[in-house]
Trainee: 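Take this structure, written in structure tokens, and hold onto it; I'll ask about it next.
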Amino acid sequence: MLRKIEQGRFGELIEALLARGPLYAPVRDDRGVNFQLIRKASEPTLDFYNTLQSPKLAWFPQSEDLIRYRLAKGETKGEAISGPVAPTVVLGMRPWDVKSLAIMDLLFLGGGKEDPYWLEKRRLTTVIGYGLASEEEPDGADFFRTLNIGAADSDGSDVFLLKKDGDLLLEGITERGKGLLGELTFLKEGTEEDERYLVAAKAGGKDRKTRFFDLDANAAADKLKAVFADNTFWEKEAEGCISCGTCTFVCPTCHCFDIADETLFRDGVRRRFWDACMFTDFTLEASGHNPRPRTFQRLRQKICHKYSFYIEKFGVVSCVGCGRCTRLCPVNIDIFSLVARAVNL
Amino acid sequence: MTAFKDIEERLKEKAKDLLEKGEVECVFAYGRGYDERHPRPYVAKTKEDAENLVFNEYCTFNLARYAVKEPRKKIAVAAKGADSRALVQLIQEGKLKRENLVILGIPAAGMVDAKSGLTLDEKTTGAFANPVVYDVLLGDKLPEAKNSPYEVLGELEGLSGDGRWEFWRKEFARCLRCFACRKACPMCYCDPCFMDQSRPRWADKSPTLDGNTMYHLTRFYHLAGRCVDCGECTRACPVDIPLYLFHKRLAKDCEEMFNQAAGMKLEDKPVLVDFRVEDGDEILL
Amino acid sequence: MQNPYLPMPVRVIKVTTEVDTGEIKTFRLAFVNKEDEERFDYLPGQFAELSIYGKGESPIGIASSPTQKGYIEFTVQRAGTVVPGQVTSALHDLEEGAIIGIRGPLGHPWPLEFLEGKNIVVVGGGFAFTTLRSLVNYMIYEENRRRFGKISIIYGARLPGLLCYKDELALWGKRDDLDLCVTVDKGNEAWEGREGFVPAICKDVAPCAENAVAVICGPPIMIKYTLPVFFNLNFSKENILTSLEMRMKCGIGKCGRCNVGSKYICNDGPVFSLAELDALPRDF
Amino acid sequence: MDFEPKILGIACNWCTYTGADLAGTTRLKYPQNIRVVRVMCSSRINPSFIFRAFQLGADGVLVGGCHPGDCHYGTGNMYARRRLAITKKMLEFAGIEPGRFRVEWISASEGNRFAEVVGEFTGQVKGLGPQTKLKIKTD
């Protein structure tokens, strides 16, 4: 199923999506482009290469209330706060970000216990993926090709969006996506030529030049386990690391969180919020024991978690090569070259 | 102005020399990152390591942040203007010993923040071209900036109180609580930081606007009279909160009220652990 | 679907101060709702998150055995020389009758099927004896007893006053279907039992490795010196079990802080054999 | 209804708090809007107390200490003066009306002065209206 609309009528599309329910889309402000909950149809933009922050916030918000309570003398009763009520659309996710959802699913829905908050949002959210058109060049920090992700991969999206000359092509991938496109009656039918363009773009996306090395996930997992005990290597790599949480907070596949009770006078919420394995007190136990007191141990944990442990546990690399961590690292630590060095050690 | 390339050469040479003679255990400087525009903080421990040192306009990091973690070692630190002020401030605070430090002074102007592409000058956080204290100077002294580093505050100061609050509220709301600002700051060496304390809990643990506000205001206060305007917090911030503006304003207040700028003289005492009977009550008005 | 983050209400029906310092207490909890009690189907070695609204949650090993009906018990040490333990302090301030929350049971129990038909050597130190106590009570329960071979227990604490479950130890000592050996590092005038560190006592008792499994829990330093003793006695790494502790929040393998290697201690542990631990990176 | 501000008073044990006591025992009238917390010295006051008070709903914060030179501990209030001066500047630059924060030196014998300052300050804060900027939103 292929539909299209002129780029000039993008606002109309947004208007229609907004009328259906909550919509997350990339918005440009004075600091760059980021996903936001859209209020006005004029806000979203498709003119960007990559968003600064990852779109994971639509499913895994930085801060999410789990339970509401009111402190009482006898029994304090807690009430679970259920997920979103409205079906949501997230528009404009790049293929690597779409891929991250499947990686996160393994954790949040696996291990024998489903996370109801993640599940609810996954169930009710339509993903509109957004392929990288040929003229948009990677910016030097990303390496999604290393992770075998094409610049115009549509897997994982419900609807796949691609720019073509003055048009926006919209391909319905899943039943849900096709249903959504069916509702948007103002869209035009895509032509055969559009179809060919789309197929070619998807194929071409596979060869898009980003930083690349030949990554064999299982071999990397084993190699990193072997390198794990090489403290000298990790100390050198972590030399500049200031142990802030930037890399994990902007990462589309970092899932660690903390839970805390926030009480104001008597009313409170039990809330979960992003936490980072890079923080000193992440693993600090109440006894005072900290298994990872040193910076290099924490950096090692992060790298190994993504490129070794996750592979061993779930069979996939927990990284999509979006390059955000590299781009925003205050001291220019680069996960790509670090892993390449470790694997080739 | 000495070319960056020449500074780099001298830096390598000096580092090699110091390491070879065993005068220092290590040299904190800059090394190559994943590309030219993205150097990394680098610790040279051997004279072979010294070959890997680089210096270019993107070497903005304030290495005092690493030096403060090694108070007992004899170390050499590459220090630009503000970085040397940070070292001085840390010496004042008893965190570092002057005799343990070899300060490799680098007069530098025209440093560039790779992320924003902005050139660092007195309008941002590059007011001091020359190191204030050093053992060796790796380039020729530069003329100091003509404009006051505080001029940039004019715009915010011109706003009404409500306008300023609106400005800061929006900025604090962006905060991710990644704590890159405090981790990048050479003056933020508290362990544990007040934000990591659970009793008392000074602010929400979760990233709420109120908690963010509390965090930033308290951090600003903790840096009052200590901030050397190196701008690391602002460059480290992944959401580009202009923290330096608040720090600058407090530095300006301290200069006006107490007649002292942070990290300028080894014999000074930080303003908030000091007082003068003549301070007078006017400062409270 | 049951929300795994929502605690079930339980009433504190009994609080026992275990040690002289008052820093360790055992809380006996009874479910407020019958359905919750039925749902809370646990085995020795598992743990649960105890929740006090306004303070937070704390993962604690279950100290009672499922054979003890009508209640569950947790032995809690007031934590916090470095990080003040908000939850454990609040727990310690609780009085009987108070209502708190519980989430669980979480994690894997001691591998009971694996233990069946084998001789069991239980080695515990100090306050880490909790889930071992659960295991012992489970094994010596009427119909369960014959499923297991010889049971030897070696339990030590620094001082006589720091031994937990003193009444129970006395009862166990009277039984003839288990060997109990209680030791303290340093006794006092009233102490008539053994004196000496746990590793030394293990060497002394020298349990036979033949068809035997050692289950060891205690402070890291005790574990460090006890393991060689068991290696010398020819216990294989597969036959030495222990329980790990890590900082946890969610308890269900999502929040990531108890991740060690490919394991999430909360979900894949906390019980591991030494052989399994050897396969993990040394990061706990 | 008229706006009745909530004012947090933080008073040093040796001077201002005793002064407040004196105001009470001499039956001086002053607005009831102030709740006074006693600290041992004005230098005990962490500026975070002040931010936190505003967050928890205070419309104004009044700090009282001994007159400079009269500190029970010698120089505590000298340090406090610098710290609180910075705090005041901070509030101003953050956009919080600086009129909501005031430092006064009130000695143990100045019951009158205490009543006067509280009256004046309450009036001033009343004029500024409710403090909503830092107050934690609960919706």
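Just so we're clear, the structure is a prediction, and the values are computed from it rather than from any experiment.
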Trainee: Measure from NZ or CZ of D:Arg82 to the centre of the six-membered ring of B:Phe258 and say whether it is under 6.0 Å with the direction within 45° of the ring axis.
Mentor: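 Verdict for B:Phe258: a cation-pi partner in D:Arg82.
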
Trainee: At their closest point, which heavy atom of D:Ser42 faces which heavy atom of D:Asn77, and how far apart are they?
Mentor: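 Distance-wise, the nearest heavy atoms are OG-CB, 3.5 Å.
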
Trainee: Tell me, side chain or backbone of B:Met214 under 4.5 Å from chain D's heavy atoms, or both, or neither?
Mentor: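 When you check distances to chain D, atoms from both the backbone and side chain of B:Met214 fall under 4.5 Å.
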
Trainee: Which bit of B:Asp253 comes within less than 4.5 Å of chain D, counting heavy atoms only: side chain, backbone, both or neither?
Mentor: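 Just the side chain, heavy atoms under 4.5 Å.
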
Trainee: Less than 4.5 Å to any heavy atom of chain D: does that hold for the side chain of B:Arg276, its backbone, both, or neither?
Mentor: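 Both backbone and side chain.
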
Trainee: I need the residue from B:Phe194, B:Phe220, B:Phe275 with the largest number of non-hydrogen atom pairs under 4.5 Å to chain D.
Mentor: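 Most heavy-atom pairs within the cutoff with chain D belong to B:Phe275.
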
Trainee: Do you know which of D:Lys135, D:Lys88, D:Arg83, D:Arg102 has the most heavy-atom pairs with chain B at a distance under 4.5 angstrom?
Mentor: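 Highest number of heavy-atom pairs under 4.5 Å: D:Arg83.
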
Trainee: Using the six-membered ring of B:Phe179, assess whether NZ or CZ of B:Arg182 lies under 6.0 Å from its centre and within 45 degrees of the ring axis.
Mentor: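 Yes, a cation-pi geometry.
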
Trainee: Relative to chain D, which segment of B:Leu153 carries a heavy atom at a distance below 4.5 Å: side chain, backbone, both, or neither?
Mentor: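 Contact with chain D is through the side chain of B:Leu153 alone.
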
Trainee: Based on non-hydrogen pairs under 4.5 Å, which of D:Ile86, D:Val103, D:Thr87 is most in contact with chain B?
Mentor: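 It is D:Ile86.
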
Trainee: Which bit of D:Leu134 is near chain B, if near means a heavy-atom gap under 4.5 Å: side chain, backbone, both or neither?
Mentor: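 Looking at D:Leu134, backbone and side chain both touch chain B.
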
Trainee: Just so I understand: if I count every heavy-atom pair under 4.5 Å between each of D:Glu92, D:Glu97, D:Gln55, D:Met90 and chain B, which residue has the most?
Mentor: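 Sorted descending by pairs with chain B, the first entry is D:Met90.
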
Trainee: Using a strict cut-off of less than 4.0 Å between a Lys/Arg side-chain nitrogen and an Asp/Glu carboxylate oxygen, indicate whether B:Glu151 and B:Lys248 qualify as a salt bridge.
Mentor: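 So B:Glu151 does not pair with B:Lys248 through a salt bridge.
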
Trainee: Please tell me whether B:Trp168 and B:Phe246 form a close aromatic pair, meaning their ring centres lie under 6.0 Å apart.
Mentor: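 Yes.
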
Trainee: Test the B:Lys95-B:Tyr189 pair against the cation-pi criterion, namely NZ or CZ under 6.0 angstrom from the six-membered ring centroid and within 45° of the ring axis.
Mentor: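 The answer is yes; both the distance and angle limits are met.
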
Trainee: Could you check which of D:Pro68, D:Gly69, D:Ser48, D:Ala94 has the highest count of heavy-atom pairs closer than 4.5 Å to chain B?
Mentor: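 The answer is D:Ala94.
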
Trainee: Decide if the gap between the ring center of D:Trp105 and the ring center of D:His67 is smaller than 6.0 angstrom.
Mentor: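 Aromatic pair excluded; centres sit 6.0 Å or further apart.
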
